[in-house]
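Chain A is the first sequence line, chain B the second, and so forth, proteins listed ahead of strands; every chain is numbered from 1. Model, not experiment: these values are computed from the prediction.
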Amino acid sequence: MDRIKILAEKAADRAGEIYRARLREAVIIMKKEFRSYFYTPIAYIVTTIFLVFTGFFFFKDFFYYNQSEMRNFFQLLPLMFTFVIPAVTMKLFSEEMHSGSIEILMTLPVTVLDVAVGKLLAATAFVGVMISPSLFYLATMIIAGSPDPGPVIGGYIGALFLGGAYASVGILASSFSRNQIISFITGWAACFFLWLIDKVVVFLPAGLGFVQYFGTDYHFQNIARGILDSRDIIYFLTIIAVSMLATSRVIEERR
Amino acid sequence: MINVNGISKSFGDVVAVNNVSFIVKDGEITGLLGPNGAGKTTTLRMLTCYLRPDRGGIVYDGLGTESDSIAVRKRIGYLPESAPIYADMIVLDYLAFLAEIRGCGAERIRQTAALCGLNEVMHRNISELSKGYKQRVGLAHAMIHDPDVLILDEPTSGLDPNQIIEIRNLIREIGKKKTVILSTHILSEVEATCDRVIIISSGSIVADDRTENLQRARGGEKRISVTVGGTDFGGLSESLKKIGEDMDIRESGEGELVSALVTYRGDRDLRPDIFNMAVRKGWVLYELKQEQVSLEEVFRQLTIGGENGQD
């Protein structure tokens, strides 16, 4: 038994070692990718488009209907993300393949999964930066009224999970083609499909009601109500894990 | 030691590399020579773990490129063809990224930048650099972690003659301590830098030997150019035939002087005999030069007709 225990401890240590080493590589890749967003104007353009659209819908309710809440902002967010996030992720592998720099990257001492996870962390961090100016709406609401903190906090947490899930799908789409436009369209179609799933339940027979659980919006709206349910978090983490492993597989297959 | 054992790689129906095997000893500069599309780049990509061989395997001192890929990549410095480096980064940021991922300190960035002559462009955007400087950044990329094995794909392509000489000197310098494998289709590059040459044609090895052995064994022929005054070609030819057998004597050059190109096989050096003959006959010797059959001719003999493969 002792021998088994020692072996188990050794295996756990080794697993921890590998995990720490690999996470280190992913963080280095993340830092590089995150910086690279700001070398080109695309990040600023995407952020501006995002803020103009969400700002318009937020202030429409704020001024027209005197509503001091962010519910409409968070209702619109998943649909906006289906368009904006593939634009953020489309370059992540496509550009590497187009320019040939993937050869540089894949001959460094990093695994494909390190690279994919690093890129995902960078894209999710960028989504965080992109939605952060919307805190200005929150500040406006706090000054003008007294918003319920639960849905607001839940909304932002949900936005990061949703952003991460869509970014992972966008990265998978980006690994399919060296053409960024194709990657964008594929990524948008996949994210839009995930957003749409729970909307089509009304057209399905009653027995197929469970289909809504596959929809991103269903789980996002749960979190945005201010309820942090492990089922919703597991759903988003599953999408991320499956997309990352699939990305790793797609890139590996090219070898 | 690098042991390449029967590697093959196909892209669809095109066989890029077919059953290639060779061993590279530590501290050797090996040139992979072949026409465009011969399979040099594909071979190097398999050596650097970028591509997976369909068959066969590559082992670096007991570490396999598939089973111990990360450990192998740590030992290798690789300059891909035309150095496809992140164009939107500045040189310093790029080297800092590499140093971090390779686990080197800031001191190593300074040393590598100095070694590759990058000090004056450290804060320039890579996209703004000339081809020569981009190539240097590629070399810095390959050397920043002081690797045991350096793999360079067309290291001097796009460089001006001064830069070519600089890079060749650098490769020779590195080759004193490290194992270097470089690919090229420029024959003079192999002659100038490599201890050993592997010639690839249509995805297969057609020759593998030390550079000088290859010239000697394959060519086996020597050529002497003689120019004299005081006789005609007939007289010169008759006298030359008495010196050795199995010689091919052709008239070369025009004008008052008589020139002949003597081609023969064997290890014997005929120049002293030709000189003594000229003295005996009272001819004035203007030129007496021996040439070895160049690697270019060896290359042409071996690779002719094999230029339709995958690079």
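The cationic group of A:K31 does not satisfy the cation-pi geometry with B:F97, failing either the under 6.0 Å distance to the six-membered ring centre or the 45° limit from the ring axis.
Contact of B:I76 with chain A is not made at all, since no heavy-atom distance falls under 4.5 Å. Using a 4.5 Å cut-off between heavy atoms, B:D93 touches chain A through its side chain atoms alone. In this structure, chain A has no heavy atom under 4.5 Å from any part of B:H145. Heavy atoms of B:Y78 lying under 4.5 Å from chain A belong exclusively to its side chain. Only the backbone of A:S99 comes within less than 4.5 Å of a heavy atom in chain B; its side chain stays farther off.
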Side-chain donor-acceptor distances from residues 83-90 of chain B under 3.5 Å, at least two apart:
{"from": "B:Y86", "atom 1": "OH", "to": "A:E96", "atom 2": "OE1", "distance (Å)": "2.8"}
{"from": "B:Y86", "atom 1": "OH", "to": "A:E96", "atom 2": "OE2", "distance (Å)": "3.2"}

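The greatest number of non-hydrogen atom pairs below 4.5 Å with chain B, out of A:T40, A:I29, A:I102, A:I104, is found for A:I104. By number of non-hydrogen pairs under 4.5 angstrom with chain B, the leading residue of A:M106, A:R35, A:K32 is A:K32.
Within 6.0 Å of CZ on A:F38 lie more than 12 heavy atoms contributed by other residues, nucleotides or ligands.
Counting only heavy atoms from C-beta outward, the side chains of B:L79 and B:D153 never approach each other to under 4.5 Å. Annotation: side chain of A:I240 is in contact with side chain of A:L120 (closest heavy-atom distance under 4.5 Å).
A:R254 is linked by a salt bridge (charged side-chain N to carboxylate O under 4.0 Å, His left out) to nothing, counting only residues two or more places apart in sequence or in another chain.
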